[in-house]
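I'd like to ask you about the structure that follows.
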Amino acid sequence: MTDSLLNAKVLIVDDEILSRQIVAKTLNSIGIENISSVTNGLEALEVIKSQTHNIIICDLNMPEMDGIEFLRHLAITDYSGDIILISSQDKRMIESVGNLASAHSLNVLGTLRKPILAKNLKEMLSIKNSPNRKATTNAVDVITPVELKNGIENQELVNFYQPKINVATKKIIGVESLVRWKKNDGTVISPDKFIPVAEKFDLIDDLTKYIMKLAIKDCLGWNISGQDFSLSVNVSTLNLKALDFPSYVNSLIQEFNFETKNLVLEVTETQLMEDTLTPLEILTRLRLKGIKLSIDDFGTGYSSMEQLKSIPFTEMKIDRAFVNGASKNEAAHAILEASVSLAKSLEMSIVAEGVETKEDWNLIEKMSIDIVQGYYIAKPMPAHEFKEWMDCWNAK
Ligand code: C2E
Ligand code: CA
Ligand code: CA
């Protein structure tokens, strides 16, 4: 065990004495001595006001304030340590609560089912010090619409590109463009931070038009003439409110002489649309022109069955929540299987995103999924690197 783990301050939140004792003993056995415990969420919130902890080990079923409510309150304190969830609930229930906590931007190390085995707890604590672990910050930089507007106008937005691979042939069949904001001071801001701002403050049309043009230019720069190589661009549902959107896309295709069938628009519904008729009309018109349509993040949010029924999608992109680690997660596995069969019967091609490991790849291959995208193949990269990467991959 490393020093930082030995010096960890742990808070156990559990109403069962026996369970608290077992956890404390396990921690002792790996050299962690600084442990306090309380019996419910309310007490825990009191304690963390006056003492700092690095790890909270929390039960779900507790009187006064249960674990789920506790996590919600914890999310609005400035607690930045780790959390391990334990419960005698079934595995799926504990996993759901784990997802909920992560959605609150809490750092969940993992979830354990009672009775706690020392081996499992140790394994989980060892993740804490793994060098591969992503540093998470709770601090969200506030981006103002004026800043973003200037950023777009000053052409500070760039696209990164991530390859899509045919599972059977291992050939590169296309690329997805993923926008980044490269500020003049060198900081790079990820789309999750500024796309919502663009959507909220009416900047999303300008943003999408700009990055779509850039993507087409970059793609033509790779000189992949004569090949079936698709370019996927993300489109916000708010773009589908503007009736002139199809003509803009069309004008780009004409201007750059881009092959219509090689353009894919990935649509994620991030917010429920009140007017569903206009997006439907726009998407149908785009499809009529030969542009391909992909339903992004399938299985999450509003990307739903209802849309599959009414919109002529050509591709289903299964969200990485059901792909990464699916070989070990029964629910994810089942949803993946059902999505594949749905896509096949609707004659849509299927892309599994978030393939990170060999196990993910093997499962996808076994399920006869056509296309894969994920860190296992490559991370998104700048346009010039993508060309080099492609040459390298093709040479293999
Ligand atoms: P998305 O469209 O679902 O894109 C996939 C995201 O997953 C990308 O994050 C990509 O870098 C990441 N990813 C790819 N493979 C893996 C993997 O194996 N493991 C993990 N953990 N992640 C992987 P990114 O680039 O940060 O984009 C986040 C989201 O921002 C996108 O999700 C998309 O919804 C939105 N976005 C990105 N570019 C644009 C854009 O140009 N326009 C719009 N409207 N939205 C965009
Ligand atoms: Ca996408
Ligand atoms: Ca996704």
Side-chain angles (χ1 to χ4, degrees), residues 102 132-134 136 143 148 151-152 156-165 174-182 188-219 230-242 245 249 263-271 279 292-303 313 315-326 332 350-361 363-364 371-383 385-386:
S102 302
N132 294 332
R133 190 166 177 236
K134 219 171 75 190
T136 46
I143 295 167
L148 180 56
I152 300 171
E156 290 171 8
L157 299 188
V158 294
N159 284 326
F160 273 40
Y161 297 92
Q162 190 179 32
K164 291 158 99 173
I165 303 291
V175 72
E176 175 179 2
S177 87
L178 294 154
V179 68
R180 269 97 183 97
W181 180 6
K182 256 184 147 165
V188 179
I189 305 180
S190 69
D192 290 330
K193 300 253 164 61
F194 63 85
I195 294 287
V197 179
E199 288 182 329
K200 191 164 168 201
F201 295 97
D202 251 352
L203 295 167
I204 193 68
D205 281 339
D206 288 347
L207 185 149
T208 304
K209 285 178 178 175
Y210 179 76
I211 55 116
M212 193 180 282
K213 188 169 186 170
L214 191 62
I216 289 181
K217 284 203 253 178
D218 282 341
C219 186
S230 66
L231 170 66
S232 299
V233 178
N234 289 288
V235 164
S236 158
T237 27
L238 294 183
N239 294 132
L240 307 174
K241 274 171 123 178
F245 186 68
V249 178
L263 184 63
V264 184
L265 302 184
E266 295 191 3
V267 186
T268 322
E269 195 162 11
T270 45
Q271 25 195 307
K292 296 202 171 124
L293 303 176
S294 172
I295 182 164
D296 205 350
D297 294 347
F298 187 76
T300 67
Y302 307 110
S303 289
F313 286 110
E315 177 186 277
M316 178 189 284
K317 259 192 124 162
I318 304 176
D319 193 72
R320 67 166 185 268
F322 309 109
V323 175
N324 178 241
I350 311 166
V351 183
E353 68 174 16
V355 171
E356 285 189 14
T357 62
K358 179 83 179 124
E359 288 88 73
D360 293 344
W361 172 280
L363 179 71
I364 295 305
I371 303 160
V372 146
Q373 188 182 333
Y375 294 171
Y376 183 61
I377 307 296
K379 288 200 170 175
M381 54 200 128
E385 272 178 38
F386 183 72

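Numbering of ligands and ligand atoms starts at 1, following listing order. Owing to the predicted nature of the structure, the values given are computational and were not obtained by experimental measurement.
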**Asked** Can you find an N/O atom of Val179 closer than 3.5 Å to an N/O atom of ligand 1?
**Response** yes
**Message:** Looking at Lys182, I want to see if its NZ is surrounded by more than 12 non-hydrogen atoms of other residues, nucleotides or ligands under 6.0 Å.
**Reply:** no
**Message:** Any nitrogen or oxygen of Asp296 lying under 3.5 Å from a nitrogen or oxygen in ligand 1? Just yes or no.
**Reply:** yes
**Request:** Check each heavy atom of Ile195 against ligand 1 and say whether those closer than 4.0 Å belong to the side chain, the backbone, both or neither.
**Result:** side chain
**Message:** Going by the rule side chain to side chain contact (heavy atoms under 4.5 Å, CB included), which residues pair with Ala215 if we only count those two or more places apart in sequence or in a different chain?
**Reply:** Asn159, Tyr161, Ser177, Leu231, Val233
**Item:** Which of the ligand 1 atoms, numbered from 1, are nearer than 4.0 Å to a heavy atom of Pro380
**Value:** 11 (O)
**Request:** Kindly confirm or rule out an N or O of Arg320 lying under 3.5 angstrom from an N or O of ligand 1.
**Result:** yes
**Asked** Hey, is the main chain of Val351 close enough, under 3.5 Å, to the side chain of Gln373 for a donor-acceptor pair?
**Response** no
**Prompt:** Taking both backbone and side-chain atoms of Asp297, is any N or O found less than 3.5 Å from an N or O belonging to ligand 1?
**Reply:** yes
**Request:** Drop me the distance from Leu207's CG to Met212's CE, to the nearest 0.5 angstrom.
**Result:** 10.5 Å
**Item:** Location of contacts on Ser190 toward ligand 1, heavy atoms closer than 4.0 Å
**Value:** neither
**Message:** So does Ile318 get a backbone contact from the side chain of Asp297, meaning a donor-acceptor N/O pair under 3.5 Å?
**Reply:** no
**Prompt:** About how many Å separate OG of Ser232 and CD of Glu176, when rounded to the nearest 0.5 Å?
**Reply:** 6.0 Å
**Prompt:** For ligand 1, is there an atom lying under 4.0 Å from some heavy atom of Arg180?
**Reply:** yes
**Request:** Walk me through it: do Asp218 and Phe386 pass the test side chain to side chain contact (heavy atoms under 4.5 Å, CB included)?
**Result:** CA-CA 10 Å; Asp218 282 341; Phe386 183 72; over 6 Å; no
**Message:** Check this for me, if you would: do Glu353 and Lys164 make a salt bridge, where the nitrogen-to-carboxylate-oxygen distance has to be below 4.0 angstrom?
**Reply:** no
**Asked** Who passes side chain to side chain contact (heavy atoms under 4.5 Å, CB included) against Asp205, sequence neighbours left out?
**Response** Asn239, Ala242
**Request:** Please indicate whether any nitrogen or oxygen in Thr268 is less than 3.5 Å from any nitrogen or oxygen in ligand 1.
**Result:** no
**Item:** Glu356 near ligand 1 by a heavy-atom separation under 4.0 Å
**Value:** yes
**Request:** Find all atoms of ligand 1 within a distance of less than 4.0 Å from any non-hydrogen atom belonging to Val355, and give their numbers and elements.
**Result:** 18 (O)
**Request:** Any chance you could measure Ile211, atom CD1, to Asn234, atom CG, to the nearest 0.5 Å?
**Result:** 7.0 Å
**ligand 1 to Glu176 polar contact by distance, N or O atoms, under 3.5 Å** = yes
**Asked** Looking at the Ca ion (ligand 2), which N/O/S atom of Glu266 is the nearest one?
**Response** OE1
**Item:** ligand 1-proximal atoms of Gln162, by part, heavy-atom distance under 4.0 Å
**Value:** side chain
**Request:** Identify, by atom number and element, the atoms of ligand 1 in contact range of Pro191, meaning under 4.0 Å from any of its heavy atoms.
**Result:** 24 (P), 25 (O), 26 (O), 27 (O), 28 (C), 30 (O), 36 (N), 37 (C)
**Request:** Quick one: report the N, O or S atom of Glu176 that is nearest to the Ca ion (ligand 2).
**Result:** OE2
**Asked** Any idea which atoms of ligand 1 are less than 4.0 Å away from a heavy-atom of Asp192?
**Response** 28 (C), 29 (C), 30 (O)
**Fill in**
Closest to atom 46 (C) of ligand 1 by heavy-atom distance, out of Val267, Leu214, Asn234, is Asn234
**Prompt:** Does the distance from a Lys or Arg side-chain N to an Asp or Glu carboxylate O, for Glu315 and Lys292, drop under 4.0 Å?
**Reply:** no
**Prompt:** With under 30° as parallel and over 60° as perpendicular, where do the rings of Trp361 and Tyr376 fit, or are they tilted in between?
**Reply:** tilted
**Request:** May I have the angle between Asn234 OD1 and Asp296 OD2 with its vertex at the Ca ion (ligand 2), rounded to 10°?
**Result:** 90°
